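In what follows, a single structure is set out as structure tokens and then discussed.
Small disclaimer: the values here were computed from a predicted structure and weren't measured.
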2 protein chains.
Amino acid sequence: MSADRTQVIERLRSHGITPTQQRVEIAQVLFARHQHLSADQVLTQVNARDASVSKATVYNTLGLFAEKGLLREVIVDPAKVFYDSNLDPHHHLFHMDSGTLEDIPVSQVNVDRLPDLPAGMAVEGVDVIIRVRRSGAPTVYP
Amino acid sequence: MSADRTQVIERLRSHGITPTQQRVEIAQVLFARHQHLSADQVLTQVNARDASVSKATVYNTLGLFAEKGLLREVIVDPAKVFYDSNLDPHHHLFHMDSGTLEDIPVSQVNVDRLPDLPAGMAVEGVDVIIRVRRSGAPTVYP
DNA sequence: TTGGGTGCAAACTATTTGCATTCGA
DNA sequence: TCGAATGCAAATAGTTTGCACCCAA
């Protein structure tokens, strides 16, 4: 369930990131597969393996990875940021009941190109988020 | 710059909300025009007028208004929630430099209908957010 | 009157920061 | 070696909550 150590190190290097022990630990968890994790979940999973990484380092590292383009930040829940290890262009389905995210292939939602932006503005990203919940009970996840 | 008191009261009533003094104060600020305000900005503007409303009441009231369909919550900034008094369907442009929001008419961004959802799931909302920043300097707003 | 609404302050949670220590190249 | 990275704990900021008091109906 964890990505190959050597591959991960190479990947960090190729993005200009010094592969320290804890960064590699974190990367192995994140890049094991496509997933959406909060900083807290990353902290838990990383420390469940073996190594001990501090909370501050997890936050710093996630921020760094996102900045360097290794992760995509997904902002759907006012309570916390999700980090998405799937870098292919795609959209998101947010399950309000469980507070979990699901990917939607771009092929399934077509966004006809953007409006003309004010001059001197560059698009940093386009997020499409579909919020769903179980139809019957309007439960709020705890 | 503030909506008519009587109209506001009527609007609250029609949504099943008891029009108390502070709720009316808050509503007058919000519904004066289409805008995107954070809880903190609402607090400041309300108390700049005259009345004194507590921070807790502002949060409670904004949450209530959103729940009753008088406001739309916009989640774009991990730091805070924006409340949008424009209820017409529309999308958002987020200026990362200034941390401000701008509306985009639906006519300018076409989302070809949604993917088939898991059974028993209802769509609560679809958010399209275009993040832009000044092209030259990758400044982060303070 | 009387239960919902409000204010205040304290509690919480996610995230950031300062600084001394440790580690990668 | 030496600057970058880490850990820890304390600081922040937005938001929520508990509880006594107050007001709309």
Are any of the side-chain heavy atoms of [X] and [Y] separated by less than 4.5 Å?
{"X": "B:Asn47", "Y": "B:Val53", "value": "yes"}
{"X": "B:Val132", "Y": "B:Leu93", "value": "yes"}
{"X": "B:Phe94", "Y": "B:Asp77", "value": "yes"}
{"X": "A:Asp127", "Y": "B:Asp127", "value": "no"}
{"X": "A:His95", "Y": "A:Arg133", "value": "no"}
{"X": "A:His91", "Y": "A:Val106", "value": "yes"}

Looking only at side-chain N and O atoms, does [Y] offer a donor or acceptor that is under 3.5 Å from a partner on [X]?
{"X": "A:Asp88", "Y": "A:His34", "answer": "no"}
{"X": "B:Asp84", "Y": "B:His92", "answer": "yes"}
{"X": "B:Thr18", "Y": "B:Thr20", "answer": "no"}

Side-chain donor-acceptor distances from residues 61-74 of chain A under 3.5 Å, at least two apart:
unit_1: A:Thr61; atom_1: OG1; unit_2: A:Thr57; atom_2: O; d: 2.7
unit_1: A:Arg72; atom_1: NH1; unit_2: A:His90; atom_2: O; d: 3.2
unit_1: A:Arg72; atom_1: NH2; unit_2: A:His90; atom_2: O; d: 3.1
unit_1: A:Glu73; atom_1: OE2; unit_2: A:Tyr83; atom_2: OH; d: 3.3

**Study point:** Residue list, salt bridge (charged side-chain N to carboxylate O under 4.0 Å, His left out) with B:Arg23, at least two apart or on another chain
**Key:**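 For B:Arg23, no residue satisfies salt bridge (charged side-chain N to carboxylate O under 4.0 Å, His left out) once neighbours in sequence are set aside.
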Check your understanding: How close or far is atom P of D:dG7 from atom CZ of A:Arg23, stated in whole angstroms?
Key ->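 The distance from CZ of A:Arg23 to P of D:dG7 comes to 11 Å, rounded to the nearest Å.
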Point to revise | Euclidean distance, atom CG of residue A:Leu43 to atom C1' of D:dC8 [Å, nearest integer] | key: 13 Å
Check your understanding: Going by heavy atoms closer than 4.0 Å, what residues in residues 60-76 of chain B are next to DNA chain D?
Key -> B:Asn60
Check your understanding: Under 4.0 Å between a side-chain N/O of A:Ser54 and OP1 or OP2 of D:dG7, yes or no?
Key ->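 So the side chain of A:Ser54 is within the cut-off, an N or O lying under 4.0 Å from OP1 or OP2 of D:dG7.
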Check your understanding: Between B:Tyr59 and D:dT15, does any side-chain N or O lie under 4.0 Å from OP1 or OP2?
Key -> yes
For nucleotides 22-25 of chain D, tabulate all protein N/O to nucleotide N/O atom pairs closer than 3.5 Å, reporting atom names and distance.
unit_1: D:dA25; atom_1: OP1; unit_2: B:Arg13; atom_2: NH2; d: 3.2

Review point. Chain B on DNA chain C: first and last contacting nucleotide, 5' to 3', under 4.0 Å to a heavy atom?
Key: C:dG5 to C:dA9
Check your understanding: Salt bridge check: are A:Asp40 and A:Lys80 linked by an N-O gap of less than 4.0 Å?
Key ->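 Salt bridge between A:Asp40 and A:Lys80, a charged N being under 4.0 Å from a carboxylate O: no.
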Practice item. Quick one: stems involving DNA chain C, counted as three or more successive Watson-Crick or G-U pairs, both distances short of 3.5 Å. Key: C:1-25 with D:1-25
Practice item. Identify the heavy atoms of B:Pro78 and A:Ile75 that sit nearest to each other, and give their distance. Key: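 Closest heavy-atom pair between B:Pro78 and A:Ile75: CD-CD1, 3.4 Å.
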